[in-house]
Amino acid sequence: MTDTRSALVIGGGIAGPATAMALHKAGIEATVCEAYHSTAEAVGGGLSIAPNGQAALAVLGAEDVVRRIGIPMTAMVMQSWTGKRLATFGGTDPAEPIGHFVWRGELYQGLHEEAARRGIRTEYGRRLVRVTETADAVTAHFADGAEATADILVGADGIRSTVRRLIDGAAPSPRYAGLASFAGRMADTGEPSTNGAMHMVFGKRAFFGYQVLDDGSGGWFVNLPQKTAQSLPDARRAGAELWIRELTRVFGEDRTPAARMIARTRPQDLLVVGPMEDIPTVPTWSRGRMVLVGDSAHATSPSSGQGASLAVEGAVQLARCLRDLPHEQAFAAYERLRRARVEKIIAAAARTNTNKAAGPVARVLRDLILPTALKLLAKPEKMAWQYGYRIDWDAPVGPAPETARP
């Protein structure tokens with residue numbers, strides 16, 4: 001039986017409101033505490049919501065958030081820098097997209113509006129600095145001197161989580177993936193429609209993804225190999241005009257739309273997203289009345305296409321466990337249900353990053369091996385464990401091991 005009636009959710013990004021809504025569904029009053037003093041509709045580039053993520057949102061009754069703002073992806077086409085098609089994922093039924101492409105700022109706004117509609121409060125300017133616990137409660141102490149108390153505290157504060165450090169002072173730091181990320185949103189790409197398909201190109205010097213809608217609008221993203229991580233502030237100080245010239249040059253030899261689309265992008269529409277990072281494993285997910293969710297527990301590289309989807313899945317599973325069990329047993333059950341799955345996805349994304357950052361010799365080997373490997377992966381049954389994952393909200397959670405349906 002649950003002993004949790006209230007929760008503080010630290011972090012107001014994607015995982016924060018999703019977790020608060022899941023807890024609300026479980027009958028737990030949740031307050032979101034965001035460190036920054038303002039909202040973040042203008043922060044971040046593009047991301048995908050996979051079918052498993054959309055299914056998790058459906059458990060919360062929030063699937064329309066993505067349907068309103070998302071661009072359906074009916075297929076994913078993998079190409080080489082020569083324009084050769086290496087493999088196609090999906091595309092058999094246009095009515096069943098393999099995912100939705102969304103801009104992070106719009107997803108952020110949509111989730112926050114949906115949480116607010118349900119009466120969930122978000123407090124801004126609440127930067128967590130320390131936590132104290134008693135036998136019955138946990139108190140968050142914020143930099144502005146404010147305090148808040150609840151039955152549990154959930155760290156949904158991202159890859160550089162303060163809560164993770166408070167749970168375990170020896171917790172690992174983010175690992176640089178060898179890639180810097182950029183994106184562009186375009187009202188007029190100058191390119192023909194991709195007919196619902198997202199194209200992923202293993203370029204000669206960098207990785208390029210793009211989708212063009214029927215009206216000529218669309219977007220793109222780039223993963224640029226860089227041996228040394230460049231901080232986000234430094235990358236942004238270089239200026240949009242410089243990066244547009246540099247990225248256009250990088251893709252100059254590719255026989256794809258990459259160079260044309262980048263050169264056509266207006267400087268004000270370029271998003272410098274920053275270094276790509278992950279954390280292969282976080283040894284400790286909970287301590288006392290504190291627990292981690294989303295990137296604070298399992299930060300995967302954006303190459304997985306699963307970061308937001310895993311965050312929503314985790315929110316749903318955590319809320320299920322807290323609904324049915326005392327918090328200590330609930331935290332253990334939640335981790336048991338999640339750890340193997342998320343770490344498998346993190347590892348797969350790390351292998352993808354290696355291919356994206358391949359040097360001249362490795363690139364030749366990659367281009368020889370990838371067509372066969374991708375054709376095997378393109379078989380629906382090979383990816384069912386990832387995209388077909390569904391959570392049965394109504395199933396009770398017990399303290400004994402539970403096996404999640406793939």
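Owing to the predicted nature of the structure, the values given are computational and were not obtained by experimental measurement. All values below were derived from every heavy atom in this structure, side-chain atoms included, with hydrogens, water molecules and symmetry-related copies excluded.
- Between Trp393 and Val316, the shortest heavy-atom distance links the atoms CZ3-O, 3.7 Å.
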Next item on the list: Step by step, work out the side chain to side chain contact (heavy atoms under 4.5 Å, CB included) result for Leu166 and Leu128.
Entry: CA-CA 10 Å; Leu166 293 174; Leu128 183 70; 3.8 Å; yes

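- Scanning all heavy atoms of the two residues, the minimum distance from Gly16 to Val32 falls at O-CG2, 4.0 Å.
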Next item on the list: Under the side-chain hydrogen bond (donor to acceptor under 3.5 Å, both in side chains) rule, what do Asp136 and Thr134 come out as? Steps first, then yes or no, please.
Entry: CA-CA 5 Å; Asp136 301 320; Thr134 65; 5.3 Å; no

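- Separating the CG atom in Leu111 from the CD atom in Glu106 is a distance of 12.0 Å, to the nearest 0.5 Å.
- Between the side chain of Ser217 and the backbone N or O of Leu213 there is no donor-acceptor pair closer than 3.5 Å.
- Looking at Glu253, its side chain never comes within 3.5 Å of a backbone N or O of Lys204 through a donor-acceptor pair.
- For the atom pair Arg67 CZ and Gln54 CD, the distance stands at 5.5 Å (nearest 0.5 Å).
- Considering CG of Asp324 and OG1 of Thr4, their distance stands at 11.0 Å, rounded to 0.5 Å.
- In this structure, Arg205 contributes its side chain and Leu247 its backbone to no donor-acceptor pair below 3.5 Å.
- Distance check, rounded to the nearest 0.5 Å: CG of Leu153 to CZ of Arg287 gives 11.0 Å.
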Note to self: The test is side chain to side chain contact (heavy atoms under 4.5 Å, CB included); show your working for Thr265 and Met186 and say whether it passes.
What the structure shows: CA-CA 7 Å; Thr265 301; Met186 305 179 69; 3.6 Å; yes

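- With respect to the salt-bridge test (charged N to carboxylate O, under 4.0 angstrom), the residues Asp188 and Arg264 qualify.
- Side-chain atoms of Thr194 come within 3.5 Å of backbone atoms of Val212 as a donor-acceptor pair (strictly under, hydrogens ignored).
- The two atoms that bring Pro97 and Pro51 nearest to each other are O-CG, 4.3 Å, heavy atoms only.
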Next item on the list: Start with the C-alpha gap between Phe331 and Trp285, add the side-chain angles, then the distance that decides, and say whether side chain to side chain contact (heavy atoms under 4.5 Å, CB included) holds.
Entry: CA-CA 8 Å; Phe331 293 166; Trp285 284 19; over 6 Å; no

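- Between Thr256 and His199, the closest side-chain pair of non-hydrogen atoms is not below 4.5 Å.
- Here the shortest heavy-atom pairing between Val293 and Ala156 reads CG1-CB, 3.7 Å.
- Between Ala333 and Gly398, the shortest heavy-atom distance links the atoms CB-O, 4.5 Å.
- Looking at Glu313 and Gln317, their side chains never bring a donor and an acceptor atom within 3.5 Å of each other.
- Residues Phe101 and Gly46 come closest through the heavy atom pair CZ-CA, 3.6 Å.
- Contact check for Ser173 versus Arg164: no side-chain heavy atoms found under the 4.5 Å cut-off.
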Next item on the list: For side-chain hydrogen bond (donor to acceptor under 3.5 Å, both in side chains), just list the numbers for Thr189 and Arg260, CA-CA rounded to whole Å, side-chain angles, deciding distance to a tenth of an Å, and then say yes or no.
Entry: CA-CA 9 Å; Thr189 64; Arg260 295 193 302 271; over 6 Å; no

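- Ion pair Asp278/Arg175 flagged as a salt bridge, since at least one NZ, NE, NH1 or NH2 atom sits closer than 4.0 Å to an Asp/Glu carboxylate oxygen.
- Not one N or O on the side chain of Ser48 forms a donor-acceptor pair closer than 3.5 Å with the backbone of Gly99.
- Under the 4.5 Å side-chain criterion, counting only non-hydrogen atoms from C-beta, Thr162 is not in contact with Arg127.
- In terms of modelled atom types and a separation under 3.5 Å, the side chain of Trp243 and the main chain of Ala235 share a donor-acceptor contact.
- No donor-acceptor pair closer than 3.5 Å links the side chain of Arg341 to the backbone N or O of Leu310.
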Check: Would Thr139 and Glu147 satisfy side-chain hydrogen bond (donor to acceptor under 3.5 Å, both in side chains), going step by step from the backbone distance to the final call?
Finding: CA-CA 7 Å; Thr139 298; Glu147 298 178 358; 5.8 Å; no

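- Taken to the nearest 0.5 Å, the OG1 atom of Thr88 stands 10.0 Å off from the CE atom of Met78.
- With hydrogens and angles disregarded, no donor-acceptor distance shorter than 3.5 Å links the side chain of Tyr334 to the backbone of Gly314.
- Counting heavy atoms from C-beta on, the side chains of Val342 and Thr300 never come closer than 4.5 Å.
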Margin query: Pair Phe221, Met200 - check side chain to side chain contact (heavy atoms under 4.5 Å, CB included), show working.
Written below: CA-CA 9 Å; Phe221 70 90; Met200 304 288 202; 3.6 Å; yes

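- For the 3.5 Å distance criterion, the side chains of Thr281 and Arg339 qualify, holding a donor opposite an acceptor.
- Annotation: Glu191, atom CD; neighbour count of heavy atoms from other residues, nucleotides and ligands within 6.0 Å is above 12.
- Checked for salt-bridge contact, Arg5 and Asp151 meet the test: a charged N lies under 4.0 Å from a carboxylate O.
- No side-chain heavy atom of Ile49 sits under 4.5 Å from any side-chain heavy atom of Val312.
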Note to self: Could you go through Asp214 and Ser193, starting from their C-alpha distance and side-chain angles, then the distance that decides it, and tell me whether this counts as side-chain hydrogen bond (donor to acceptor under 3.5 Å, both in side chains)?
What the structure shows: CA-CA 5 Å; Asp214 291 344; Ser193 170; 2.7 Å; yes

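- A heavy-atom distance below 4.5 Å is not found between the side chains of Leu57 and Val65.
- One N or O on the side chain of Asp3 and one on the backbone of His327 form a donor-acceptor pair closer than 3.5 Å.
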Checklist line | Working for ring pair (Phe, Tyr, Trp, His ring centres under 6.0 Å), residues Phe207 and Phe202 | finding: CA-CA 5 Å; Phe207 188 86; Phe202 289 92; 5.0 Å; yes

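- Judged by the 6.0 Å distance and 45° axis criteria, Arg126 is not positioned over the aromatic ring of Tyr36.
- With hydrogens and angles ignored, the 3.5 Å screen pairs no side-chain donor or acceptor of Thr352 with any backbone N or O of Ser303.
- The CD atom of Glu63 sits 9.5 Å away from atom CD of Glu114, with the distance rounded to the nearest 0.5 Å.
- Residues Leu318 and Arg338 have side chains not in contact (no heavy-atom distance under 4.5 Å, counting atoms from C-beta outward).
- Residues Leu271 and Trp103 meet the side-chain proximity criterion, which asks for heavy atoms closer than 4.5 Å.
- By the 30° and 60° cut-offs, the orientation of the rings of Tyr108 relative to His112 is tilted.
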